[in-house]
Amino acid sequence: MNLVYGFCDITCSSLKLTFLGFPGGAVVESPPADAGDTGSCPGPGGSHVPQSGWAREPWPLGARPEPVLRNGRGHRDLTAKMKPDETPMFDPSLLKEVDWSQNTATFSPAISPTHPGEGLVLRPLCTADLNRGFFKVLGQLTETGVVNPEQFMKSFEHMKKSGDYYVTVVEDVTLGQIVATATLIIEHKFIHSCAKRGRVEDVVVSDECRGKQLGKL
């Protein structure tokens, strides 16, 4: 697309943990005498796996706190609770600010980023597009593999926070489906005085919308 050329440990030292979760059960800091065989309690900085069964839990039955999902580095895994929404990957105003006079492609009939065609809207990717056939369109370009919602959300958040990814889509608002997409990636170089270089990838138009000049747009 010609258009795309126009453009982070949680420390818990202040918290006193009351239990540690292990495959064998929970360990209580000061278990009651009749709590069963819990082995020797660990000292500061130590760990302990119960020798048999569960130690008596310090909370009522059925009130066990929900586990905190974490990623491999110990951070809270916030994407596990996120739901798809309309938050764009990048500022939509960037698309409106593109200097279309610098475009070298010809369009007949005339279309532009603000008017890509009847019933069509060109905009940044958002996570809600997961349910609008985004991967169906990508699948017409190459093998996408099996991607679950959590994986999609993690990749989206990474790209959004980096500020170097500009995934643009065209939506058929009548059908509520993504019909085209392209990605601009900004590379940071050491050469040419630490210049930046844009690379366009993953350009694809859905079968039913080919011939509408969206690939050139």
Side-chain angles (χ1 to χ4, degrees), residues 1-7 69 77-187 197-217:
M1 292 185 179
N2 281 317
L3 169 65
V4 291
Y5 283 107
F7 338 97
L69 299 176
D77 191 349
L78 300 179
T79 57
K81 293 187 177 182
M82 292 175 61
K83 295 181 179 180
D85 59 29
E86 305 295 332
T87 304
M89 178 173 286
F90 59 91
D91 187 350
S93 66
L94 293 177
L95 297 173
K96 299 178 182 179
E97 295 172 359
V98 173
D99 186 357
W100 200 238
S101 65
Q102 301 298 315
N103 171 56
T104 58
T106 58
F107 296 90
S108 180
I111 61 174
S112 69
T114 54
H115 299 90
E118 184 177 356
L120 302 177
V121 173
L122 186 146
R123 58 171 176 76
L125 176 74
C126 64
T127 54
D129 293 330
L130 176 64
N131 301 319
R132 296 190 180 113
F134 176 64
F135 276 94
K136 180 181 178 181
V137 175
L138 282 179
Q140 296 183 29
L141 173 68
T142 187
E143 174 64 41
T144 62
V146 179
V147 180
N148 62 42
E150 183 179 345
Q151 289 175 310
F152 174 73
M153 300 288 282
K154 284 183 177 180
S155 292
F156 181 95
E157 286 302 309
H158 170 76
M159 294 179 183
K160 184 175 185 295
K161 289 179 180 178
S162 75
D164 293 327
Y165 291 83
Y166 299 83
V167 183
T168 304
V169 297
V170 176
E171 179 187 359
D172 184 323
V173 294
T174 302
L175 300 176
Q177 292 291 301
I178 301 303
V179 296
T181 182
T183 299
L184 171 66
I185 303 173
I186 305 300
E187 294 181 335
R197 173 177 177 265
R199 186 176 74 247
V200 179
E201 296 185 347
D202 303 339
V203 180
V204 59
V205 178
S206 179
D207 289 337
E208 56 268 26
C209 284
R210 290 176 186 171
K212 296 185 177 182
Q213 311 177 94
L214 297 179
K216 292 196 298 181
L217 182 63

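The residues of the chain are indexed from 1 along the displayed sequence.
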Going from [atom1] on [X] to [atom2] on [Y], what distance comes out if it is rounded to the nearest 0.5 angstrom?
X	Y	atom1	atom2	result
M159	L125	CE	CG	8.5 Å
L141	S206	CG	OG	12.0 Å
C126	I178	SG	CD1	7.0 Å
K136	Q177	NZ	CD	6.5 Å

Pairwise ring pair (Phe, Tyr, Trp, His ring centres under 6.0 Å) hits with a residue in residues 113-149, at least two apart: F135-F152
Which atom pair, heavy atoms only, marks the closest approach of [X] to [Y]?
X	Y	answer
M89	Y165	SD-O, 3.8 Å
F107	K216	CE2-CB, 3.7 Å
E86	A128	OE2-CB, 3.4 Å
Q151	V146	OE1-O, 3.6 Å
I111	G117	CG2-N, 4.4 Å

Residues which pass side chain to side chain contact (heavy atoms under 4.5 Å, CB included) with [X], listed by chain and number, not counting sequence neighbours:
X	result
L120	P116, V170, D172, V179, L214
S93	D91, E97
P124	P88, F90, P92, L95

For [X], check side chain to side chain donor-acceptor pair (under 3.5 Å) against everything at least two apart and list the hits.
X	value
T144	none
S155	none
S101	D99
D164	H188

Taking the side chain as C-beta and beyond, is there a heavy-atom pair between [X] and [Y] under 4.5 Å?
X	Y	answer
L122	L217	yes
I186	Y166	yes
T181	D202	no

With D207, which residues qualify under salt bridge (charged side-chain N to carboxylate O under 4.0 Å, His left out), at least two apart? R210
Residues at least two apart in sequence or cross-chain that pass salt bridge (charged side-chain N to carboxylate O under 4.0 Å, His left out) with E201, listed by chain then number, are R199
According to the salt bridge (charged side-chain N to carboxylate O under 4.0 Å, His left out) rule, which pairs have a member within residues 138-147, sequence neighbours left out? none
What pairs of residues pass the salt bridge (charged side-chain N to carboxylate O under 4.0 Å, His left out) test when at least one of them lies in residues 112-130, not counting sequence neighbours? R123-D129, R123-E171, D129-R132
Whether T127 side chain and D85 backbone form a donor-acceptor pair below 3.5 Å: yes
Counting N and O atoms only, with roles assigned by atom type, does the side chain of K96 sit under 3.5 Å from a partner on the main chain of T114, one being a donor and the other an acceptor? no
